[in-house]
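Hydrogens, waters and symmetry mates are skipped; everything else that's a heavy atom, side chains included, is used. On a predicted model such as this, the values are computed, not experimentally measured, just so you know.
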Amino acid sequence: VYWTEDTLVVTSTYYMPELPAWVTRFNASGPISRYLGATWGRILPPDAYAAAGRDDVDAEENPSGLGRTFPHILSTTLGNFVANFETSPFENEVLVDLASEAILNEQLGRDSIPDLLALGFSANDLVGHSYGPDSHEVMDMTVRTDRLLERFFAFLDRQIGLDSVLIVLTADHGVAPLPELLQQRNGATRAARFDLSAITAAAERALRARFGAPRRPGFLARPNWIMYQSWPSLYLNRAALEDRQIRVEDAERIAKDAVENVPGVERAITATELRRQRRQGIHSRAELSFHPERSGNIYFELAPYLVPGEGAAGTTHGSPWAYDTHVAMLWHGPGIAAGTHNGAVGIADIAPTMAALLGVPYPERSAGRVLQEMLR
């Protein structure tokens, strides 16, 4: 496992006490620092980006503070440069160069034992967060990623032969459109930035109306019924509930009703309800994201095109709506039949399908299934 840190490729001593010699040589070549002060401009003619719509939202028109205007010039100051580099196509270029070196130096694909190489194009994620999916930046990143993959696949063909390589391309999530852009294009849209403090305030008010203010014995650090919020969850102050001998289930129900009445909240569900779903074998998106010992007491979903974080910049993901959950899944290689399939699939299906192709067992409790419909 390797990642970039400042201008170096690094790993953890958990995996190895020191970097392999080939990674040390790779770092010595300055693969990241050569981008200090580099300019990220459009790779296609400007007119080609009309497919992504207008791109002239400036800081005055855009409350998020993002002036989406090419070119983007990476800083020459290390601290600022790292943030610029990670939100640029240049990080992907270094990733593909590193992967190519790994294949050569680790002799991947050279024997009968299958090798697994996983690449994470993290810059695409950060560009999507920063500029939104409708931006010229995301379009440019997509075109550049396509060309990088073309180069990498050609390298694989030369070194190993694509007839011996299984390629799976996917993503872990999508991203919400910038609400300011949707407002500009359609003034009647409900898209907006949502102030999450309204959720906490509504739940706290409801709990105080029912139980009064929590007492403050010495072991309590915070005299509120809501201990913590981390979208999309609220955490109750269990110590305060125990101090007043209030059942957690009762407090959850009151907080849930209050949260669901906040304008912009699509629905809420309690941890007690999610535990019941799990016992009954009901696998909703909320249940699959729920950890009985660590997750919050109230899970809530915002209405479509509401982005959490009033006054924040950029956009994010984490909702159940299609723009967040519908991602690509492309397969190519031995054992894969040509075709397009429109049935429901999930990224959890990748591991059992690869196991089936390799003829190895996979965990019986896997959340995914073997995609038999695309196998030869």
Side-chain angles (χ1 to χ4, degrees), residues 3-9 27 29-99 119-152 171-185 191 193 307 309 311-317 323:
W3 61 91
T4 59
E5 192 169 294
D6 292 337
T7 60
L8 299 175
V9 173
N27 281 332
S29 70
I32 299 174
S33 58
R34 67 189 175 96
Y35 290 104
L36 281 162
T39 298
W40 172 21
R42 292 177 173 89
I43 197 171
L44 299 177
D47 291 348
Y49 294 81
R54 291 174 53 192
D55 200 47
D56 56 358
V57 180
D58 61 25
E60 182 178 347
E61 296 171 321
N62 183 359
S64 74
L66 287 171
R68 299 198 314 277
T69 305
F70 277 107
H72 298 285
I73 301 175
L74 277 63
S75 175
T76 56
T77 303
L78 182 59
N80 294 330
F81 164 76
V82 171
N84 295 163
F85 173 76
E86 291 176 346
T87 316
S88 80
F90 306 131
E91 184 179 57
N92 288 346
E93 294 177 11
V94 172
L95 174 67
V96 168
D97 289 342
L98 178 68
L119 304 184
F121 290 85
S122 300
N124 296 58
D125 175 271
L126 293 178
V127 169
H129 274 281
S130 298
Y131 301 102
D134 303 298
S135 64
H136 288 197
E137 281 78 0
V138 164
M139 179 176 173
D140 194 77
M141 283 289 293
T142 304
V143 172
R144 288 173 180 268
T145 302
D146 182 69
R147 295 185 180 186
L148 269 178
L149 290 175
E150 180 184 28
R151 171 161 71 86
F152 185 56
D172 55 343
H173 57 74
V175 70
L178 281 173
E180 293 80 15
L181 191 61
L182 291 182
Q183 291 165 3
Q184 184 188 66
R185 293 177 177 176
R193 297 191 181 273
V307 175
T315 185
T316 191
H317 51 84
Y323 53 76

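Between F70 and Y49, the ring-plane angle classifies as tilted under the 30° and 60° cut-offs.
Listed here is the closest heavy atom pair of D140 and G41: OD2-O, 3.8 Å. Smallest separation of non-hydrogen atoms from L44 and V143: CD1-CG2, 3.9 Å. The minimum heavy-atom distance between V138 and G128, with the atom names listed, is CG2-CA, 3.9 Å. Across every non-hydrogen atom of H317 and G174, the tightest pair is CB-O, 3.3 Å. The two residues V307 and P179 make their nearest non-hydrogen contact at CG2-CD, 3.8 Å.
You'll find the side chain of I32 reaches within 4.5 Å of the side chain of T4, heavy atoms only. Within the 4.5 Å cutoff, no side-chain heavy atoms of L148 are placed close to those of R144. With a 4.5 Å cut-off on side-chain heavy atoms, R185 and D134 count as touching. L119 has its side chain within reach of L95: a pair of non-hydrogen atoms, C-beta onward, lies under 4.5 Å apart. No side-chain heavy atom of V9 sits less than 4.5 Å from a side-chain heavy atom of W3.
A search for ring pair (Phe, Tyr, Trp, His ring centres under 6.0 Å) contacts involving F90 returns Y35, not counting sequence neighbours. For D6, the side-chain contact (heavy atoms from CB on, under 4.5 Å) partners at least two apart in sequence or on another chain are V82. Remark: I73 pairs with T39 by the side-chain contact (heavy atoms from CB on, under 4.5 Å) rule, at least two apart or across chains. For S122, the side-chain contact (heavy atoms from CB on, under 4.5 Å) criterion is met by E91, not counting sequence neighbours. Applying the ring pair (Phe, Tyr, Trp, His ring centres under 6.0 Å) criterion to F121, with sequence neighbours excluded, gives no partner residue. A search for salt bridge (Lys or Arg N to Asp or Glu O under 4.0 Å) contacts involving D125 returns nothing, not counting sequence neighbours. A search for side-chain contact (heavy atoms from CB on, under 4.5 Å) contacts involving S29 returns P31, not counting sequence neighbours. Residues satisfying the side-chain hydrogen bond (donor to acceptor under 3.5 Å, both in side chains) test with T145, not counting sequence neighbours, are N124. R147 pairs by the salt bridge (Lys or Arg N to Asp or Glu O under 4.0 Å) definition with nothing, not counting sequence neighbours.
Comment: R151 engages D97 in a salt bridge, judged by a side-chain N to carboxylate O separation of less than 4.0 angstrom.
Side chain of T315 to main chain of H129: no donor-acceptor pair is present (N/O by atom type, distance under 3.5 Å, no hydrogens or angles).
For residues 73-90, the set of pairs meeting the side-chain hydrogen bond (donor to acceptor under 3.5 Å, both in side chains) definition, not counting sequence neighbours, is empty.
Distance CZ/F81 to OG1/T7: 7.5 Å, rounded to 0.5 Å. Interatomic distance, H72 NE2 to L74 CG, rounded to the nearest 0.5 Å: 10.0 Å. Interatomic distance, CG of L126 versus CE of M141, reported as 8.5 Å (0.5 Å rounding). R193 CZ to Q183 CD: the interatomic distance, rounded to the nearest 0.5 Å, is 9.0 Å.
In this structure, Y323 has its ring center at least 6.0 angstrom away from the ring center of H173.
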